[in-house]
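One-based numbering, in listed order, for ligands and for the atoms of each.
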Amino acid sequence: MKFFAVFGDPIKHSLSPRIHNLALQELKLQGRYIRYLLKDKNDLKNKFIQLKLCGANVTVPHKEAAALQADICSDFVKKIGAANTLVAKNNQIYAYNTDAPGFMGAINEFIKNYDIKNALILGAGGTALALAHAMFDSNIEVNILNRSKERLNKFKDYFQTDTWDTFCIRKFDIIINTTSAGLNDDNLPAPNELLEPILTNSRCAFDVIYGKKTPFLSLCNKFDKPAKDGADMLLYQAVLAFELFFENKLNKEDITRAMKKAFLLK
Ligand code: NDP
């Protein structure tokens, strides 16, 4: 029997146990995936070992801790300093980031249909950093717009960065909300005076939040912009994590089919 977990704080809301357990069940694999409320980030590695896990996902606010405490990090994790997937191999813990390729998979149809050459990311947290580098690696020019200045430092070497005060309205092919505005409130990720002209000039939009129609997605609708929520990103990052848990020996289509069923359950 193989054991897996998702670590975070809070963790109650996480859909990962449902998605991964359904995949284990559908693919007839001996395994169990649990959620673990981790208060102290310094305990991450110890808990992973204590629980005898074969693999884990890591969510807010422990993705940086996961990168720091793993024994071996993928090149992408080294570059951005954040990991969402841990895998035990030969008594060592390997760290990966599947949010980034999961996001690229989710916007694939937009890249093809709308010839995406540049992007505006709203927010400058860990998710923004992963998505910005993933797009940069795919030759998409990335700009960052954040409420406050502090978090922009991590982006400055690679990307054009602005706060709401310094930003000039211009044309972007895609607008991506990575802030938590709209997750548990009715806030927009930036002031309406900025968002309306930005959206008018854009081709499409994406919100990493899933499972609800955020004020940002409603505004996209108002301006008739094609927009997606974060459900596909969640699915694709989970599929990639599951592949890593089983050393890439499983069929990706089978995993995807099984995990998709989890989204249909209420
Ligand atoms: P962080 O805490 O690292 O960053 C949050 C960002 O949101 C900061 O830039 C912060 O700005 C900004 N922000 C928060 N509240 C507001 C607000 N009211 N108005 C404007 N900006 C605001 O979070 P993460 O990057 O880790 O996660 C962000 C979101 O991504 C979460 O909602 C999470 O659920 C989602 N997510 C979805 C995934 C998926 O698979 N679909 C995968 C991973 C994450 P400031 O710097 O000024 O504080």
Any N or O on [X] sitting closer than 3.5 Å to an N or O of ligand 1?
X: Gln237; answer: no
X: Ser148; answer: yes
X: Lys63; answer: no
X: Gly230; answer: yes

Is the shortest distance from atom 44 (C) of ligand 1 to a protein heavy atom below 4.0 Å?
-> yes
Part of Leu234 with heavy atoms under 4.0 Å of ligand 1, whether side chain, backbone, both or neither | both
For [atom], what's the nearest protein heavy-atom neighbour? Residue, atom name and distance, please.
atom: atom 31 (C) of ligand 1; value: Ser180 CB, 4.4 Å
atom: atom 12 (C) of ligand 1; value: Thr179 CB, 3.7 Å
atom: atom 41 (N) of ligand 1; value: Val208 O, 2.9 Å
atom: atom 26 (O) of ligand 1; value: Thr127 OG1, 3.3 Å

Pull out every atom of ligand 1 sitting under 4.0 Å from any heavy atom of Ala124, numbered as shown with elements.
-> 9 (O)
Considering only heavy atoms of Leu183, which atoms of ligand 1 have at least one such atom less than 4.0 Å away?
-> 32 (O)
